[in-house]
Every structure is written in structure tokens, then in C-alpha cells.
S.K.: 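Dropping the structure in here first, questions after.
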Amino acid sequence: MSETMTRPQPRTLVLSAEDNVAVALANLDVGTETPEGVTTSKRVPKGHKFATRAIETGKPVIKFGQIIGFATTDIPAGEWVHEHNCGMGIENGAFARDYDFGAAAIAPQMVPETERPTFEGFRRSNGKVGTRNYVGILTSVNCSATVAKFIADAVNRSGMLDEFPGVDGVVPFVHGTGCGMESKGEGFDILKRTQWGYATNPNVGAVLLVGLGCEVFQIGRMKEIYNITDSETFQTMTIQESGGTRKSIEKGLERVREMLHVAQRARRETVSASELTLALQCGGSDGYSGITANPALGIAADILVRNGGTAILSETPEIYGAEHLLTRRAISREVGEKLIERIHWWEDYTERNKGEMNNNPSPGNKLGGLTTILEKSLGAAAKGGSTPLTAVYEYAEQVTEKGFVFMDTPGFDPVSATGQVAGGANLLTFSTGRGSAYGCKPVPSIKLATNSDMYARMSEDMDVNCGDIVEGVSIEDKGREIFELLLRVASGEKTKSELLGYGDNEFVPWQVGATM
């Protein structure tokens, strides 16, 4: 048998017949003959791309059957394609897209209510269902953050939680704003929605809101806006009215003990999967994200939607270049145009701050094989599956529509996830190729590894290995595996990030506007 016949075939992947690049599934040395009939002229790292045919300067680079950039120089067949020869084009990625509103909004085949899977959740008095049962300590301003942390630390050190096995923990949700800001407008509204969204998230059984007393974000004003008063599940206090730090901690401990008794009364009961609101996140993406974990997560999202649940796609800068695929799934022109309106807001926002949309991907994304935001977005949008887009929400707005929805958030994961949790998510999935260290409270975060190498290195952090998709596991089977895990985690099974104790530092409200 000849040497040529015994040499292992290089592993590559072409994602669409229209593509002019292929993905290397292993490191390809110079001079490697590929199944696409080309010979590599430079080393192509695993997860990166190479040209399957010549691409002239200025012509589109195609992956997923979509434009991911434009050749900045002539690219011969077999050439490694990355930052050195692929960019956003003369319009900086703002080339014309065919939005074709609603053209692909095909109603999903819904599972009859009597046949829908179930999980064990906490049904709250307002009808919402939680997957966890926390007591939260919110802060109106950064000036009360230390006291909130002191209260939570004192609870944890005291052993008080041992008396309340039905409570998952006491968590301080502290942040860096609340004063030095306008008392009206976009920034104030975002903080207001975020605070109230966490206070009413179904995974929170009771909440204490701690303020300083003289800040711009006044607790009294928020209570007026939402027409709320103190109750056994919602308590408020300020450091100045309580008499200072020590007295505030003592008072806070008394309030938390009362709330623990209230939260302890909650019991899990069997509820339909339609009660799940799933936040879709990805971070530390790589060249495998759009091939393995994200499409599989899209299958899981589709299953959830067909069972009456809700899936929230977010990270607006990371659907830039793929938004036309979402507008085609919009249930109405109005929904589709609201998404494009948010895209234009981001274009203006980045320009005003002397940035550009292609500032994302990150260095780690690029090392993993992603070249432009257009490429990253096409892979990221795959998390959203294929069902119709039923609504578009601003950051931290309450999600009221069922099905597949979109929330406008930054691409920075903790900020984005904070908005989704404030919107009512009771479960979160997070795909990663580089190995993002992330967890979330009060919402359990399920980590999906896009490649087997990273999963092997970080198996203590990752819940599911999606890298085996390139080994032959079908995307559909992996999607069903993810969905089954969603139900188990919703019923109380701990995720890897929960076992590691993540979630105390991931409350990061989006700060928009001037700090004065």
C-alpha cells in the first residue's frame, strides 16, 4: 500500500455549498492536500479557515453561506484566511442586507399541553415559576454595597442557613452606580428595570433592598413607580435612617432571618416545561461555536418553544451581520423593524464613542479562529434556533411573550445575562470555546463546551461537551441532550458553576449615559 493511501485524510469542514472557505478541524501544516482539492500554502490552526478557491481583493469571503468579510488582498486557494487578509469592507460591515420581514416566520408545530415534559419548580404567588429559591440583598447605590456584603457574609458565617435547607442561599447583588447620574432618561430607566427585575425574578423568594439615603436612585421613588410597599417578601432600608453601618448590619440580619422563614415555605411542585424562560448566552467563542454548541443549543431552544416555553437571544453587537436572518423570522414587520432600530442605535452608539462594531471579536475569539464580528454573529445567532421571532425587548424589560424573543443587550456576558435575568429568565445556558469562567445567581448557568480539547482541560467547569459533534454525534441528538439537562437543572440538579460557587459577582447592570 502506498504512502499516499496510508496517510490520514486531513479533517476539514465546508458548511455550505456557497462557501469559499473551509474550516480546519485539526492543525494543517504547509503543503497539506485537503479534501476540497487545494493545498495549504500556510499553516492553518485548528478552528481557523482556508480558502477553497481564489478570492479577489474586495470580494466577499463566504462561510455559512453568508458574508463574513471581504478580502483585503488577493487570496489564493489554499491560503489561511484571517485578519491579515480579511476585513469588514469599505462600508465597515454596513453593506445592504435583505431584511425580507417575516418571510421565514413559519409557525412551529406545538406539542399538546398534555404531552409536554415537566420539571419540579417553585410556583410563586404571582403565578411565575422559579428553578431556585434565593433570598437577595439588592443595593440602590454603590455606597450601600459594602453593607449589603457585610449582611450576607454575616448570614453565611453564622450558620443561619443550616436552619433553612429549602433556601439556596443569601446573595448580595451589588453594583457600581446609582448616583452621579441623571435622575431620568436611559441610564436611570435601565437601572430601575434591572433592580425591579431582580427583585421579582421567580428564582428569588424574598429580597431586601439596601440604600444609603441621599443617592440619585431613591428607593422611595422606585416604590412609587412600581406601586409597591414593603411586605414579607420585599423589605427596604437605608444606612442613614438605620443609624450607620453597624446598626444597618444588625437590622439587615433581622430582616434576612424573617425572610428566610418566608422563603423556606416554598416547595417544589410538578410544572410544565412551558414555565421555563431560558437565557441564551455565548462567550469566549471560537471557530467551533457556530458549528457545534450554538446550533445544538438552537435545537434545544426550538424544543423548548414547541413545548410552550420561552428562549431569549441577546447580545446585539454579536448578531450584527446576522440580523437579516432574524428579521425574516419576525412574526410581523413591526417586530423586525424594532430589531433593526436597535442595530442602528448600536451603530450610532459605537460611532459616538469612537469605536466600531468590529471591536468585537475579542483577542481570544480571534485566536480561536473568528476573524470579524460578521463571522462571530452568524455563529452566535445559531443559538436562537429556527422558530419565529415573537418580540424584541429593550434591556431588562419584562419578557411577557412566549416563544423565541430577542433582548437588546451588550455583548459583554455578565452585563447581557444581567439584563436577561432582570427580564425574567429562570434558567441560563452559556456556550464557550475558549473556556469562559462564568456562573450566575439567582439563575443556574449551564456551560456548553464547543470543542473537546477545552472540555478535557476544563471539565470541572463545563456541563456538556458539544465538541463530539465533529466526531459524528448529530446536532439534533446533542440538542435533545441539552434539553433534558435543562429539565434536570430546573428541578434542582446543580450545575458545575453552582458547585464551584460562582454567581456572587456576576450582577452587572448596563451603565449607559454620563457619570457626573
S.K.: Would you tell me whether Glu347 and Tyr320 have side-chain atoms, one donor and one acceptor, within less than 3.5 Å of each other?
M.R.: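 Their side chains do contain a donor-acceptor pair, which is all the 3.5 Å distance test asks for.
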S.K.: Inspect the contact between Arg488 and Glu493 and indicate whether a charged nitrogen and a carboxylate oxygen are less than 4.0 angstrom apart.
M.R.: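 Judged by the 4.0 Å cut-off on N to carboxylate O distance, Glu493 and Arg488 do form a salt bridge.
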S.K.: Less than 4.5 Å apart, any side-chain heavy atom of Thr450 and any of Cys466?
M.R.: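 With C-beta onward as the side chain, the pair stays apart.
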S.K.: Are Met462 and Lys496 close enough that some pair of their side-chain heavy atoms sits under 4.5 Å apart?
M.R.: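 Met462 vs Lys496: side chains apart.
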S.K.: Would you please say whether a donor-acceptor pair under 3.5 Å links the side chains of Asn426 and Thr131?
M.R.: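 Judged by distance alone, the side chains do not pair up.
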S.K.: Counting C-beta onward and ignoring hydrogens, is there a side-chain heavy-atom pair between Phe507 and Val421 closer than 4.5 Å?
M.R.: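 Side-chain contact under 4.5 Å: no.
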S.K.: Output yes when a side-chain donor or acceptor of Asp19 lies under 3.5 Å from a complementary backbone atom of Phe64, and no otherwise.
M.R.: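 Here the side-chain-to-backbone pair exists.
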S.K.: Cation-pi check, Arg221 to Phe188: give yes when NZ or CZ is under 6.0 Å from the six-membered ring centre and within 45° of the ring axis, no otherwise.
M.R.: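 Because its charged atom sits under 6.0 Å from the ring centre and within 45° of the axis, Arg221 does stack over Phe188.
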S.K.: With sequence neighbours excluded, tell me which residues meet side chain to side chain donor-acceptor pair (under 3.5 Å) with Lys49.
M.R.: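 By the side chain to side chain donor-acceptor pair (under 3.5 Å) rule, Lys49 matches Thr371, Glu375.
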S.K.: Quick one: does Leu389's side chain get under 4.5 Å of Phe406's, heavy atoms only?
M.R.: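 In contact.
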S.K.: Roughly how far, to the nearest 0.5 Å, is the CZ atom of Phe119 from the CG atom of Leu427?
M.R.: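 Between Leu427 CG and Phe119 CZ, I get 8.0 Å after rounding to 0.5 Å.
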S.K.: Using a strict 4.0 Å threshold on nitrogen-to-oxygen distance, state whether Lys376 and Glu315 make a salt bridge.
M.R.: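 Salt bridge absent between Lys376 and Glu315.
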S.K.: Looking at Ser491 and Glu120, would you say the former's side chain and the latter's main chain have a donor-acceptor pair under 3.5 Å?
M.R.: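 The answer is yes, because a donor-acceptor pair under 3.5 Å joins these two groups.
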S.K.: So which heavy atom on Gln398 is nearest to which on Thr200, and how close?
M.R.: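 Gln398 and Thr200 have their closest heavy atoms at NE2-OG1, 4.4 Å.
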S.K.: Heavy-atom distance under 4.5 Å between the side chains of Glu476 and Ile303, does that happen here?
M.R.: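 Glu476 vs Ile303: side chains apart.
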S.K.: Roughly how far apart are Thr409 OG1 and Ile312 CD1, rounded to 0.5 Å?
M.R.: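 It is 10.0 Å, given to the nearest 0.5 Å.
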S.K.: Verify the distance criterion only: is there a donor paired with an acceptor across the side chains of Thr495 and Asp463 at less than 3.5 Å?
M.R.: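 Judged by distance alone, the side chains do not pair up.
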S.K.: Give me the atom names and distance for the closest heavy-atom approach of Val305 to Gly403.
M.R.: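 The pair with the smallest heavy-atom distance is CG2-C, 3.7 Å.
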S.K.: Identify the heavy atoms of Ala300 and Gly479 that sit nearest to each other, and give their distance.
M.R.: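 Scanning both residues, the minimum pair turns out to be CB-O, 3.5 Å.
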S.K.: Would you name the heavy atoms of Cys282 and Ala380 that are closest together and state the gap between them?
M.R.: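 The pair with the smallest heavy-atom distance is SG-CB, 3.9 Å.
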S.K.: Is it true that a side-chain atom of Ser314 and a backbone atom of Met407 form a donor plus acceptor pair closer than 3.5 Å?
M.R.: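 Side chain of Ser314 to backbone of Met407: a pair is present.
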S.K.: Could you give me the CA-CA distance, side-chain angles and deciding distance for Leu297 and Leu280, then say whether side chain to side chain contact (heavy atoms under 4.5 Å, CB included) is met?
M.R.: CA-CA 8 Å; Leu297 181 50; Leu280 306 171; 3.9 Å; yes
S.K.: Before you tell me yes or no, could you show the steps for Arg268 and Phe122 under side chain to side chain contact (heavy atoms under 4.5 Å, CB included), namely the whole-Å CA-CA distance, both residues' side-chain angles and the distance that decides it to 0.1 Å?
M.R.: CA-CA 5 Å; Arg268 289 189 183 271; Phe122 298 98; 3.5 Å; yes
S.K.: Is there a donor-acceptor contact under 3.5 Å from the side chain of Gln420 to the main chain of Thr418?
M.R.: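 No; judged by distance alone, with no hydrogens or angles, the pair does not exist.
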S.K.: Distance from Leu487 atom CG to Leu304 atom CG, nearest 0.5 Å?
M.R.: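 It comes to 8.5 Å.
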S.K.: Under 3.5 Å, is there a donor-acceptor pair between the side chain of Arg123 and the main chain of Glu269?
M.R.: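 No, the answer is negative, given that no donor and acceptor are paired below the 3.5 Å cut-off.
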S.K.: Would you give the length of the straight line joining atom CG of Asn451 to atom CG of Asp468, rounded to the nearest 0.5 angstrom?
M.R.: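 The CG atom of Asn451 sits 11.0 Å away from the CG atom of Asp468.
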S.K.: Are any non-hydrogen side-chain atoms of Lys223 and Thr236 less than 4.5 angstrom apart?
M.R.: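 They are in contact (side-chain heavy atoms under 4.5 Å apart), so the answer is yes.
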S.K.: Is the side chain of Ser497 donor-acceptor paired with the backbone N or O of Gly439 at a distance under 3.5 Å, no angle test?
M.R.: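 Checked: no pair found.
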S.K.: Apply side-chain hydrogen bond (donor to acceptor under 3.5 Å, both in side chains) to residues Asn365 and Ser285 and explain how you reach the verdict.
M.R.: CA-CA 5 Å; Asn365 296 152; Ser285 301; 4.6 Å; no
S.K.: Please determine if Lys478 and Glu481 form a salt bridge, counting it only when a charged side-chain N lies under 4.0 Å from a carboxylate O.
M.R.: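 Yes.
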S.K.: Any side-chain to backbone donor/acceptor pair from Asp100 onto Arg328? Under 3.5 Å, distance only.
M.R.: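 A pair under 3.5 Å: no.
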S.K.: Do His175 and Gln511 have side-chain atoms, one donor and one acceptor, less than 3.5 Å apart?
M.R.: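 Result is no, nothing qualifies.
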S.K.: Looking at every heavy atom in both Gln281 and Ser416, which two are closest together, and how far apart are they?
M.R.: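 So the minimum-distance heavy-atom pair works out to NE2-OG, 2.7 Å.
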S.K.: If you measure from CG on Leu448 to OH on Tyr455, what distance do you get to the nearest 0.5 Å?
M.R.: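 If we round to the nearest 0.5 Å, Leu448:CG and Tyr455:OH are 11.0 Å apart.
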S.K.: Which of parallel (below 30°), tilted (30 to 60°) and perpendicular (above 60°) describes Tyr438 and Phe430?
M.R.: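 Correct class here is parallel.
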S.K.: Is there a donor-acceptor pair under 3.5 Å between the side chain of Asn307 and the backbone N or O of Arg116?
M.R.: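 No, the answer is negative, given that no donor and acceptor are paired below the 3.5 Å cut-off.
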S.K.: Does the plane of the ring in Trp346 sit parallel, tilted or perpendicular to the ring in Tyr349? Use 30° and 60° as the thresholds.
M.R.: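 Correct class here is perpendicular.
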S.K.: Check for a donor-acceptor pair, side chain of Thr390 on one end and backbone N or O of Lys402 on the other, with a separation under 3.5 Å.
M.R.: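 Side chain of Thr390 to backbone of Lys402: a pair is present.
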S.K.: Quick one: list whatever passes side chain to side chain donor-acceptor pair (under 3.5 Å) with Arg352, sequence neighbours left out.
M.R.: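 Once residues adjacent in sequence are excluded, the partners of Arg352 under the side chain to side chain donor-acceptor pair (under 3.5 Å) criterion are Asp348.
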S.K.: Hey, does Val171 have a side-chain heavy atom less than 4.5 Å from the side chain of Asp504?
M.R.: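 Sidechains of Val171 and Asp504: in contact.
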S.K.: Please check if any side-chain donor atom of Asn201 sits under 3.5 Å from a side-chain acceptor atom of Arg124, or the reverse.
M.R.: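 Short answer, no.
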S.K.: Is the backbone of Thr118 close enough, under 3.5 Å, to the side chain of Ser272 for a donor and an acceptor to pair up by distance?
M.R.: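 Between the backbone of Thr118 and the side chain of Ser272 there is no qualifying donor-acceptor contact (under 3.5 Å).
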S.K.: Taking the side chain as every heavy atom from C-beta outward, state whether Thr432 and Met454 have any pair of such atoms under 4.5 Å apart.
M.R.: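 Yes, side chains in contact.
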S.K.: Under a plain distance cut-off of 3.5 Å, with no hydrogens placed, do Asn294 and Ser289 share a side-chain donor-acceptor pair?
M.R.: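 Not at all, the side chains of Ser289 and Asn294 share no donor-acceptor pair under 3.5 Å.
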S.K.: Angle between ring planes, Trp196 versus Tyr226, binned at 30° and 60°: parallel, tilted or perpendicular?
M.R.: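 Parallel, since the angle between the ring planes stays under 30°.
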S.K.: Under 4.0 Å between a side-chain nitrogen and a carboxylate oxygen: does that hold for Asp408 and Lys338?
M.R.: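 No, Asp408 and Lys338 are not salt-bridged.
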S.K.: So which heavy atom on Gly211 is nearest to which on Ile219, and how close?
M.R.: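 Shortest heavy-atom separation between Gly211 and Ile219 comes out as N-CD1, 3.7 Å.
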S.K.: With rounding to the nearest 0.5 Å, note down the distance linking CD in Glu341 to CD in Glu394.
M.R.: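 So the CD of Glu341 and the CD of Glu394 are separated by 7.5 Å.
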